[in-house]
There are 2 protein chains.
Amino acid sequence: MEASRLFAARGFHGTSTRDIAAAVGIRQPTLYSHFPSKHAILAALLDADLRPALARVRAALDLDGSPAARLHALLVADVSAILSLPYDVRGFYNDEVLELLELDEQARLREELHDLTTRLIGLGVESGEFLAEDPSFARGAITGLTLQAVSDRGPDPSPDPAHTALRIADFVVRALLADRRRLGPVQKASAALVPAVASAAE
Amino acid sequence: MEASRLFAARGFHGTSTRDIAAAVGIRQPTLYSHFPSKHAILAALLDADLRPALARVRAALDLDGSPAARLHALLVADVSAILSLPYDVRGFYNDEVLELLELDEQARLREELHDLTTRLIGLGVESGEFLAEDPSFARGAITGLTLQAVSDRGPDPSPDPAHTALRIADFVVRALLADRRRLGPVQKASAALVPAVASAAE
DNA sequence: CATTTTTCCTATCAGTTGATAGCCTCTCGG
DNA sequence: CCGAGAGGCTATCAACTGATAGGAAAAATG
């Protein structure tokens, strides 16, 4: 069912159930023997994106290591995972679709994801490893950079997600670190953490 | 007509012409005595966003000063301007709306905007002031951060756009500078350039 | 005041939307 | 061989979409 990447390209409202059905090779009413409604299709896609992401940030918070290294590893794992998805998460978070509809649970998941990410950044600020930047702002910056990466790659999965993921992680950590000389060690420590974070999403 | 910020909140497809008409206090068919089609409304909003942005980046390229200072000033002016708009540019660039429809001209404007921005970053890389980062990647990062800022502020104009604008500009320049000790002088030089860049958009 | 022009209205259109009802056709355990 | 059930189909629905036609009202012009 993941072929419903049309949501991403044209947005939730811009994609009809007939479009989706045609993309998966069935007729429109047949969709309703798999999902009770159009919203449910979006909810399933959102879940497939949010739940692994939540598992990753939880893992990053539980691991040992400096906050910068853990954030770097989380970013690498997150961006790699999102760029590998067969669909494109852009359209999911653009509209106020999340707020307006009966997607309460997905909105809650996203909020929790944001909270935990903000907390990890906050650890870095408290320890002095990061500049005294507002953790919420930094979290927003990460969201923006990640969505942009998905936009840039287009509708198909990226051939080399790890490359882009590293670039984004480096960019963010470089902007946040109080002492840039720590970038090298952070990258090194991150590389060791990435597998643990990535595998947290089953 | 700028009250059509509904496009931003619900996306182009998610907003009906009746919604727009109701928001501005007229009936739906009356819209068509102001605009020939729904696309034309979006085109007008896109123009109002893109043309000043294009004027700003041209000004930043023409000014004297180090690339970092000019990029910093451009970012401050850009983000301030976008956050001050009475509508929310988010939805404009999310869908493939730009590609799919008869918005060729707006797509061209956006491409030119990207090219010029990339060129300014490239100047910084060539001069050694910036790290040897791919200018296109940096430009994408800027786009992502800017759109995220609009998302965060919500549908209404920001009360204090300059604050957010400075934060974003600092974030980007910090991530790009080869020598972070240059951040202070860059900020200072940028402050002197901002008025010239901002006023370029008439 | 008369007239012209601009702006808005009501009425209506054909096409598309998400969704439901009811029938058909495989597959497979017994 | 058979009955069950999962998954597909056609046909159809009411609601809504963007857009057009033609007339009324209001504002500007003389």
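By convention in this document, chain letters (A, B, ...) are assigned in the order of the sequence lines, proteins followed by strands, and residues within each chain are numbered from 1.
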Choose from [options] the nucleotide whose nearest atom is closest to any side-chain atom of [X].
X     : options                : value
A:S37 : C:dA19, C:dC8, D:dG7   : C:dA19
A:R27 : C:dA19, D:dA19, D:dT10 : D:dT10
B:R18 : D:dG7, C:dT12, D:dC9   : C:dT12
B:S16 : D:dT17, C:dA19, C:dT10 : D:dT17
A:H34 : D:dG8, C:dG18, C:dC8   : D:dG8
A:P29 : C:dG18, D:dA11, D:dG18 : D:dA11
A:Y32 : D:dG8, C:dA19, D:dA19  : C:dA19

May I have the distance from [X] (atom [atom1]) to [N] (atom [atom2]), rounded to whole angstrom?
X     : N      : atom1 : atom2 : answer
B:Q28 : D:dT17 : CD    : P     : 9 Å
B:K38 : D:dA19 : NZ    : P     : 8 Å
B:L31 : C:dC8  : CG    : C1'   : 11 Å
B:I26 : D:dA25 : CD1   : P     : 19 Å

If you measure only the distance, is there a donor-acceptor pair under 3.5 Å linking the side chains of B:T118 and B:D115?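 No pair is found: no donor N or O on one side chain lies under 3.5 Å from an acceptor on the other.
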
Would you say B:T143 and A:Q148 are linked by a side-chain donor-acceptor pair, where the criterion is simply a distance under 3.5 Å?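 Side chains of A:Q148 and B:T143: no pair found under 3.5 Å.
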
Hey, does the Lys NZ or Arg CZ of B:K38 hover above the aromatic six-ring of B:F12, less than 6.0 Å from the centre and inside 45° of the axis?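 Geometry flag: set, cation within 6.0 Å and 45°.
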
Above 12 or not: heavy atoms from other molecules or residues under 6.0 Å from CG of A:D64?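 Open.
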
Ignoring backbone atoms, establish whether B:T17 has a side-chain N or O less than 4.0 Å from OP1 or OP2 of D:dG18.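 Yes, such a contact exists.
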
